Amino acid sequence: MTSPAAAVITRFAPSPTGHLHIGGGRTALFSWAYARRHGGTFLLRVEDTDQKRSSEAASRGILEDLAWLGIDWDEGPAFNRENPDGSTTTLGGDPRTVGPFYQSDRREVYDPFVYWLLERDLAYPAFDTPESLTAMRQQAEKEKRTFAYRRASGYDRDAALARMKAGEPCPIRFKMPAEPVRFRDEVLGEITVSSDELDDFVIRKADGYPTYHFAVVIDDELMGTTHIMRGQEHLNNTPRHVALMRVLKHANGTPFRIPKFAHLTVIANQDNSKMSKRDRDKAARAKCRELGIKTAPDVHAKAAGHTLAAFDAVAPADFEKWLGDKTRQLETHALEDLASVIGIDLPEIAVDDFRRSGYLPESVLNYVSLLGWNPGEKDAEGKDLERFDTAYLIEKFDFDRVGKSASKFDRAKLVAFNQDAIARLTDDEFLTRWAAWARRDDRETLDRIGIERVKLIVGAIKGRCKTLKDVRAVVSFAMVDDDGYEFNPKDVEKHLKADGGSGLATLAALATKLEALPAFDVQSIDALLDGHAAESGLGMGKIAQPLRVATTGGSVSPPLGATLAILGRPSTLARIRRCVGHAAG
RNA sequence: GGCCCCGUCGUCUAGCCUGGUCCAGGACACCACCCUUUCACGGUGGACACGCGGGUUCGAAUCCCGCCGGGGUCACCA
């Protein structure tokens, strides 16, 4: 038995300002895996102390993102996750009564610690104006040294306390001890920061809310966190937190513990810029500029065949503002509408972006866990082991194999992982997964093709899909009306009219046979085609390509059995008839 | 700019701690060929890296120093 003191408690503490970023997803994954590996507890805490930027919707979105990934939290906000079998599992809860888990609901938790510090002059109210703060910063910059706010030498503590007690709003700052801070990071090693670099940072804002620095320290202590994993952008904050932990005590005199830290590297774009939600808007904006799009009507002018429902919900004036303002973001679906019109793939940044693009959670998890970590094991062929599931991750994950250098996100490799994961799915699994995905993210294909028709040809199309979204492209020829597509002139020439119209003759013969075929399914159609090839002495190419041109307009489509089966007999025959007429006329 | 962190193929990385088995291994991407009714899939093969300069050593991707390069951070945001 492990003693309670040895139990591992990890947490993920997002701030709800939008969907979960892929980097946050990796942090959550590692924290979760570490807790699972040690039979510990993984908890979720929502850091919503910034009233202006936090939202209820974003919190819910992050919970959903985590649940979709399959990362379940033992403690934290309650969430009902729907399982594939239709049942639901409730995530979260508060068995140790360490909640609530929204920091905005914990305000009264922080104040006693603030007062405790205040009484001992380890913290103090500050009354600087924003102007004087800016002036100090500029002065420091001019002198080429780090700006670190320190309490002025003439500070009148009694007067300041009196002003605070009189109700004057003011931030409260922590009085940073003068000694350097040294701590050990599980991945980076020993880190030392001179006290010159540390400031008397704010622990409680004038609005009464604790700052992030204060709330994390208090909450991690109260919730018993033993291991803190977070992005490397927090590395510079850690000395502040450690300094606080060293002086803070509970009411009964017990000092705070110092948990173990592990700072994970940043995930960057290929050009080394930080992956940011704005990258999606940036990509779309650049393409609009390239195409000369300046107004909403310009978008409509190019919209042939594309739905613009979400885009049209955006006021034209707002769209124009968006075009000229790098800091603006378009609503998710509006942006996707726009992207399909201008013909670009938006870079996925948030977990939800990957979900909507049709990636499987297991491949996202697998790929992302390899960014900055690797198991260091070989597979049966002696190659580095790269493809694994979360059970394996849980079994192997530890800090000693976490990398120190930043990594770039390579979408192509993710795609390869996803393609592989899809290929390993059984036909039934694929169908179930696709249907569940399409219900949320591709209603159009689901409605127009329908699960039953996809089922007919699932075996033939599964291997052609790199993502679930690709089903749409693979069956797109079946989504148009029988007279709703063009015949590619070059293909008509090459496969139908050449050789004195032999392709057309084949088409006519095939139409008759197809009409008489007892069962119009993939196998029967393939058998019929094989039979015709043997009988006529023609190569398969001479048979298949004319049919493809006739039924899809071009020379590229899934294997013919599948192509014709999903169209169904009436459409197939109607399309052949139309084509013959077209080529003859 | 100050401080902190990092530096192996285009990208993710193994190897580095405990120097020789590394004229550096794997994966993705790329190129070629094969398979094939198209497009894909698949198969086989190929090209591709130790940032630079010193030092230590019989021997350095591995240890030390310097330089250069990249990233992070400098809020009453988290």
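Each chain gets a letter, A, B and so on, in the order its sequence line appears, and its residues count up from 1. Just so it is clear, the model here is predicted, and its values are computed rather than measured.
For B/rC65, the glycosidic angle deviates from 0 by more than 90°, giving an anti base.
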N/O contacts under 3.5 Å, protein versus nucleotides 68-71 of chain B?
from: B/rG70; atom 1: O2'; to: A/N272; atom 2: ND2; distance (Å): 3.4

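Taking atom NZ of A/K408 as the reference point, atom P of B/rU13 lies 10 Å away to the nearest angstrom. The separation between A/E143 atom CD and B/rC74 atom C1' is 16 Å, rounded to whole Å. The distance between atom CZ of A/R53 and atom C1' of B/rC76, rounded to the nearest whole Å, is 13 Å. For the pair A/H213 NE2 and B/rU73 P, the computed distance is 12 Å after rounding to whole Å. Protein atom CD of A/E47 is 12 Å distant from nucleotide atom C1' of B/rC77, rounded to whole Å. Between the OH atom of A/Y110 and the P atom of B/rA78 there is a distance of 11 Å, rounded to whole Å. One atom, CZ of A/F388, and another, P of B/rU13, lie 12 Å apart when rounded to the nearest Å. The CZ atom of A/R150 sits 14 Å away from the C1' atom of B/rC74 (whole-angstrom rounding).
A 3.5 Å limit on both hydrogen-bonding distances identifies no Watson-Crick or G-U partner for B/rC48. Of all nucleotides present, only B/rC74 satisfies the Watson-Crick or G-U wobble test against B/rG1, with each distance under 3.5 Å. When Watson-Crick and G-U wobble pairs are counted only if both distances are under 3.5 Å, B/rU57 pairs with no nucleotide at all. Using the Watson-Crick or G-U wobble rule with both distances under 3.5 Å, B/rC68 pairs with B/rG7.
Separating the C1' atom of B/rA24 from that of B/rG43 is a span of 27 Å, rounded to the nearest Å. The same atom, P, is picked in B/rA29 and in B/rU44; the two are 15 Å apart, to the nearest Å.
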Can you build the contact string for nucleotides 22-38 of chain B? Use B for base contact, S for sugar-phosphate-only contact, and - for no protein heavy atom under 4.0 Å. ---BBBB--------BB

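With respect to A/D420 and A/R424, a salt bridge is recorded, a charged nitrogen being found less than 4.0 Å from a carboxylate O. Salt bridge A/D200/A/R150: present, at least one basic N to carboxylate O contact under 4.0 Å. A salt bridge links A/E47 with A/R45: the distance from a Lys NZ or Arg NE/NH1/NH2 to an Asp or Glu carboxylate oxygen falls below 4.0 Å.
Among residues two or more places apart in sequence or in another chain, the salt bridge (Lys or Arg N to Asp or Glu O under 4.0 Å) test is passed with A/K490 by none. Taking the ring-ring contact (aromatic ring centres under 6.0 Å, His included) definition, one finds that A/F12 meets it with nothing, sequence neighbours left out. Under the side chain to side chain contact (heavy atoms under 4.5 Å, CB included) criterion, A/M540 pairs with A/L529, A/D530, A/I543, not counting sequence neighbours. The ring-ring contact (aromatic ring centres under 6.0 Å, His included) search around A/F101 returns none, not counting sequence neighbours. Among residues two or more places apart in sequence or in another chain, the side chain to side chain contact (heavy atoms under 4.5 Å, CB included) test is passed with A/T192 by A/R182. Remark: A/D207 pairs with no residue by the salt bridge (Lys or Arg N to Asp or Glu O under 4.0 Å) rule, at least two apart or across chains. For A/P239, the side chain to side chain contact (heavy atoms under 4.5 Å, CB included) partners at least two apart in sequence or on another chain are A/V181, A/F183, A/V193, A/L198. Shown here are the salt bridge (Lys or Arg N to Asp or Glu O under 4.0 Å) partners of A/E429, two or more places apart in sequence or in another chain: there are none. A/R53 is linked by a salt bridge (Lys or Arg N to Asp or Glu O under 4.0 Å) to A/D50, counting only residues two or more places apart in sequence or in another chain.
Between A/T17 and B/rA78 there is no side-chain polar atom (N or O) within less than 4.0 angstrom of OP1 or OP2. Between A/R145 and B/rG1, a side-chain N or O to OP1/OP2 separation shorter than 4.0 Å is absent. Between A/T49 and B/rC77, a side-chain N or O to OP1/OP2 separation shorter than 4.0 Å is absent. Neither OP1 nor OP2 of B/rC41 sits under 4.0 Å from any side-chain N or O of A/R424. Contact between the side-chain N/O atoms of A/N374 and the OP1/OP2 oxygens of B/rA14 is found at a separation under 4.0 Å.
The nearest heavy atom of RNA chain B to A/R401 and to A/Y212 marks one nucleotide each, and the one closer to the 5' end goes with A/R401.
Among the heavy atoms of the strands lying under 4.0 Å from A/T146 is at least one base atom, whether or not backbone atoms are also near. When heavy atoms are screened at a 4.0 angstrom cut-off, A/H263 is found touching no nucleic acid atom at all. A/G372 comes within contact range of the sugar-phosphate backbone alone, with a heavy-atom separation under 4.0 Å but no base atom that close. If you check every strand for non-hydrogen atoms under 4.0 Å, A/I543 touches nothing.
Between the side chain of A/D384 and the main chain of A/K378, no donor-acceptor pair closer than 3.5 Å is present. Without hydrogens or angle criteria, A/R411 side chain to A/E348 main chain gives a donor-acceptor distance under 3.5 Å.
Residues of residues 194-205 of chain A that place a heavy atom closer than 4.0 Å to RNA chain B, in numerical order, are A/E197, A/V202, A/K205.
Residue-to-nucleotide contacts include no donor-acceptor pair under 3.5 Å from the side chain of A/D48 to the base of B/rA78.
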